Amino acid sequence: MTAQVEYRTPAQKGGKMQHGNREAVLDVRNLKVYYSTPTGDVRAVDDVSFKVYQGEILGLVGESGCGKTTTAMAILRMVQPPGGIVGGQILLDETDLVPMNERELRNIRWSSLALIPQGAMNSLNPIMRISDQIREAIETHEGKQKEKKIRERILNLFTLVGLPSRIYDMYPHELSGGMKQRVCIAMAIVLNPSLIIADEPTSALDVVVQRVVGQTLLDVKNRLGVSMILIGHDMGLQAQLVDRLAVMYAGHMVEVSPVGTIFKEPLHPYTQLLIESIPSIKERKPLKLTEGITHDLRNPPPGCIFQARCPKVMDVCRSVKPPLEEIKPDHYVACHLYD
Amino acid sequence: MGGITWNYVLKRVGMWFLTIWLGTTIIFLIPRLAPGDPVAGVISRMTAQSGYVENSAEIINAWRARFGLDEPLPVQYLRYVGNSLRFDLGYSLANFPSRVEDMVIQALPWTVGLLLVAVLISFLIGNTIGALMAWERTPGWIRNLLPVSLTFTSIPFFMLGILLIYVFAFGLRWLPASGSVGRGLTQGFNWPYIVSVANHAILPATAIVIASMGFWALGMRGMMITTAGEDYMILAQAKGLTPSRIFWLYGVRNSILPQVTALALSLGGIVGGAVLVEYIFAYPGVGYLLYQGIVTSDYTLIQGIVFMLVFTTATLVLILDLIYPLIDPRITFERG
């Protein structure tokens with residue numbers, strides 16, 4: 001194992017993130033992804049804007065069905081019909097991905113924008129050797145190369161993510177779940193992309209392997225300076241890995257902030273409930289986030305998206321939609337409490 | 001790991017022996033379960049025709065001794081197995097003194113040739129059609145065309161055969177209606193002979209292909225839809241691979257595995273199903289021979305053919321089993 005990185009929050013690392021002259025690798029502006037159904041469009045992602053800066057990990061959290069994965073798929077331009085991007089811009093290195101055609105997208109994919117998929121267990125082609133699956137990614141984008149050169153490159157990657165070289169000629173069924181996920185990480189960094197989207201990379205793994213995979217991700221990020229979006233709903237894991245945290249609710253971005261700040265001082269009522277509901281081993285506390293229901297995503301109410309479940313709901317929330325605003329430096333919240 | 005292991009080969013060859021042994025044993029036992037024996041049957045038929053047969057009891061005993069039917073069952077069985085191992089299938093009852101193995105060996109290449117070619121073509125076309133039907137990038141006009149081509153599948157082999165003969169042999173006169181090769185040609189690897197064989201095979205092969213490809217297409221379509229939902233398909237797209245690479249190497253390659261299993265399982269049934277096709281086209285294959293055997297109550301011929309069918313089917317399945325690890329590396333994997 002080469003991954004010897006300690007878990008530290010960015011706050012502990014000492015304010016490495018400076019607000020101001022940071023370069024945005026990804027700039028998502030007013031993204032809308034709708035799924036058309038016979039009874040109306042489901043607004044899976046509605047007017048979402050956020051940035052990912054050079055060399056940071058942005059955590060994207062929210063409950064199931066809030067649009068995290070749809071956002072990720074939209075950035076990859078891989079939303080499956082009947083879904084589709086109906087508005088907004090996705091600027092990757094200042095190039096908009098939304099108007100691109102299939103051929104242009106194929107060139108961008110993996111070379112600039114890689115994915116660490118959700119299902120570690122089934123994300124590798126069962127009938128291809130591990131090395132061939134990584135080689136295929138290299139050769140699709142860089143053309144045919146000498147066997148020896150490729151072998152050296154792949155074995156280097158294995159060392160980087162802590163995989164033994166003996167798996168080079170193995171098939172996916174001969175590896176454990178954690179190894180498969182590290183193969184996916186190795187594959188994601190092989191072309192040195194600007195941005196990696198990790199869609200719940202640890203969700204199918206047990207806690208010990210989760211820790212190893214988390215360490216690997218952090219190590220890779222620190223060594224290569226790659227930017228990452230880490231999707232997940234494990235608040236503990238997010239706290240340990242990410243630099244900034246973005247909270248989504250029902251297709252809307254409700255709060256974006258550096259991770260230390262958001263855990264210390266969450267501003268949006270939804271974020272507050274989300275952080276309060278992290279189970280503690282010291283005390284048993286009742287789950288707070290069960291009151292109220294989510295509205296129908298086909299027919300969102302006027303005003304705030306969280307009004308049906310919000311404990312601090314006000315009259316203005318039922319009529320005016322709160323915009324995502326910078327309340328404190330680098331701390332964005334969409335809530336009328338801070339108007 | 002991930003290749004053919006000796007253990008795997010030994011197991012498959014063992015299964016091959018076991019299948020053939022069980023098959024021959026059943027062939028041996030079934031006729032003996034019925035009361036009486038063929039000799040008594042022949043004599044009683046002669047008696048029924050002429051009223052009286054002189055010394056009938058002695059004739060029966062003489063013939064029983066001649067065919068070895070007077071010996072105890074285990075002895076008969078051992079001799080039968082020994083003969084089968086040497087491919088000595090005895091004399092044909094209806095075409096004495098022709099030997100069964102000679103008749104079968106004459107017919108077998110025709111059937112194996114026709115069926116192998118027809119089944120392979122059907123397998124390839126059917127699976128491609130099925131895969132395209134499930135592939136979301138397939139152009140709309142192909143998708144609409146494909147189900148139409150599959151409606152032919154609901155027509156039975158023999159009806160289709162009659163239709164093909166009517167249109168292409170009698171109507172258009174493009175192809176011969178029956179037989180396996182033209183008259184007056186020297187047998188062997190010369191051009192006119194090969195052309196003639198191919199010409200005669202086109203219609204029966206087409207009947208089999210059209211009637212059976214729907215089976216493959218429907219199975220493949222279902223498998224492709226399942227495969228399309230797999231996580232590795234998403235990763236393949238995210239990797240920026242070309243659609244054709246994703247289609248063949250990720251979609252078809254992973255969907256074809258159960259189809260190959262189905263191919264191995266259906267091989268035996270295909271031979272049986274081709275009996276009618278061979279009969280309609282008067283194609284001198286094993287199916288046609290089997291039909292003649294049944295019509296003339298030629299028990300030794302029927303037994304011989306069934307033995308050869310068991311043997312060829314088991315051998316084809318063995319070959320497929322040995323190919324299987326090449327297309328699915330997981331098959332030889334043993335959990336320790």
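Only a predicted model underlies this, so the values are computations on that prediction, with no experimental measurement involved. Chain identifiers are assigned alphabetically (A, B, ...) following the order of the sequence lines, protein sequences preceding nucleic acid strands; residue numbering begins at 1 within each chain.
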task: Evaluate the criterion side chain to side chain contact (heavy atoms under 4.5 Å, CB included) for residue pair A:Gln80 and B:Gln237; output intermediate values, then yes/no.
output: CA-CA 12 Å; A:Gln80 301 297 321; B:Gln237 206 192 341; 3.6 Å; yes
query: Looking at B:Met233, B:Arg137, B:Glu136, which has the largest count of heavy-atom pairs under 4.5 Å with chain A?
result: B:Arg137
message: Would the distance check show the side chain of B:Lys239 and the main-chain N or O of A:Leu115 forming a donor-acceptor pair, the cut-off being under 3.5 Å?
response: no
query: Using non-hydrogen atoms only, which part of B:Ile327 is less than 4.5 Å away from chain A: side chain, backbone, both, or neither?
result: backbone
task: Look up atom CZ in B:Arg253 and atom CD1 in A:Ile127, then write down how far apart they are to the nearest 0.5 Å.
output: 3.5 Å
- prompt: What's the spacing between B:Tyr250 OH and A:Asn125 CG if we round to 0.5 Å?
  reply: 5.0 Å
task: Calculate, to the nearest 0.5 Å, the distance between atoms CG and CG belonging to B:Asp231 and A:Leu124 respectively.
output: 10.0 Å
- request: For residues A:Arg106 and B:Pro243, report the shortest heavy-atom separation together with the two atoms involved.
  value: NH1-CD, 3.3 Å
- prompt: Is atom CD of A:Glu104 surrounded by more than 12 heavy atoms (other residues, nucleotides or ligands) closer than 6.0 Å?
  reply: yes
- prompt: Measuring from B:Ile234:CD1 to A:Met78:CE, what's the distance to the nearest 0.5 Å?
  reply: 6.0 Å
message: For a 4.5 angstrom cut-off between non-hydrogen side-chain atoms, does A:His173 reach B:Pro329?
response: yes
- prompt: Quick one: are B:Leu241 and A:Glu136 in side-chain contact, heavy atoms under 4.5 Å?
  reply: yes
query: Among A:Ser111, A:Ala114, A:Pro81, A:Pro126, which residue forms the greatest number of heavy-atom pairs with chain B at distances under 4.5 Å?
result: A:Pro126
- request: Please check if atom CZ in A:Arg109 has more than 12 non-hydrogen atoms from other residues, nucleotides or ligands closer than 6.0 Å.
  value: yes
- line: Here the gap from B:Leu235 atom CG to A:Ile116 atom CD1, rounded to the nearest 0.5 Å, amounts to 10.0 Å
query: Any chance CD of A:Glu102 has more than 12 other-residue heavy atoms, nucleotides or ligands included, within less than 6.0 Å?
result: yes
